[in-house]
Amino acid sequence: QLQLVESGGGLVQAGGSLRLSCAASGRSLSTYVTGWFRQAPGKEREFVAVISQSGGNTRYADSVTGRFTMSRDNAKNTLYLQMNGLKPEDTAVYYCAASALPFYSGNWSPRAFAYWGQGTQVTVSS
């Protein structure tokens, strides 16, 4: 069973940066499309970024394009989300997730991701 554990969240001022990590265990991440999602209080979980199995392809939500960068290190079985230029509206619990669907499916719905971490809180103050 694939298990995911996020870390790196915290409190940061607007304009600051954070780097989230997601460590996998139980199975190799290299065969999974992986993504980051976030959920703010009272809102639905939303897509943030996704990366292909090799790391060669990424997609981002419009709201984070140009500010966030997702990467992966399959040798370390770890995902990353570098977040720059943070805004108060980025405040949420951030989750990493893994999907067995192929990257070309273009399905970034949370329902497409079978494995989830427990989440890490990111709070951006104004």
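Hydrogens, waters and symmetry mates are skipped; everything else that's a heavy atom, side chains included, is used.
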Min side-chain heavy-atom separation L2-L29 under 4.5 Å: yes
Hydrophobic cluster membership, V64 vs Y94, 4.5 Å side-chain cutoff: yes
Sidechain-backbone polar pair: N84 side chain, G15 backbone, donor-acceptor under 3.5 Å: no
W108 ring center near F103 ring center (under 6.0 Å): yes
Residue pairs, two or more places apart or on separate chains, that pass salt bridge (Lys or Arg N to Asp or Glu O under 4.0 Å) and touch residues 88-98: R38-D90, R67-D90
Any donor-acceptor N/O pair, E6 side chain to Q118 backbone, under 3.5 Å: yes
Test of ring centre spacing under 6.0 Å for Y95 and F113: no
Shortest non-hydrogen contact from C22 toward L4: SG-CB, 3.9 Å
Under 3.5 Å donor-acceptor, S105 side chain and L101 backbone: no
With sequence neighbours excluded, residues passing side-chain hydrogen bond (donor to acceptor under 3.5 Å, both in side chains) with S7: none
R59-N57 side chain donor-acceptor pair, cut-off 3.5 Å: no
Intermediate values then yes/no, side-chain contact (heavy atoms from CB on, under 4.5 Å), V50 and V33: CA-CA 7 Å; V50 65; V33 169; 3.4 Å; yes
Derivation and outcome, ring pair (Phe, Tyr, Trp, His ring centres under 6.0 Å), residues F47 and W36: CA-CA 7 Å; F47 165 76; W36 286 95; over 10 Å; no
Donor-acceptor side-chain pairing of R72 and T34 below 3.5 angstrom: yes
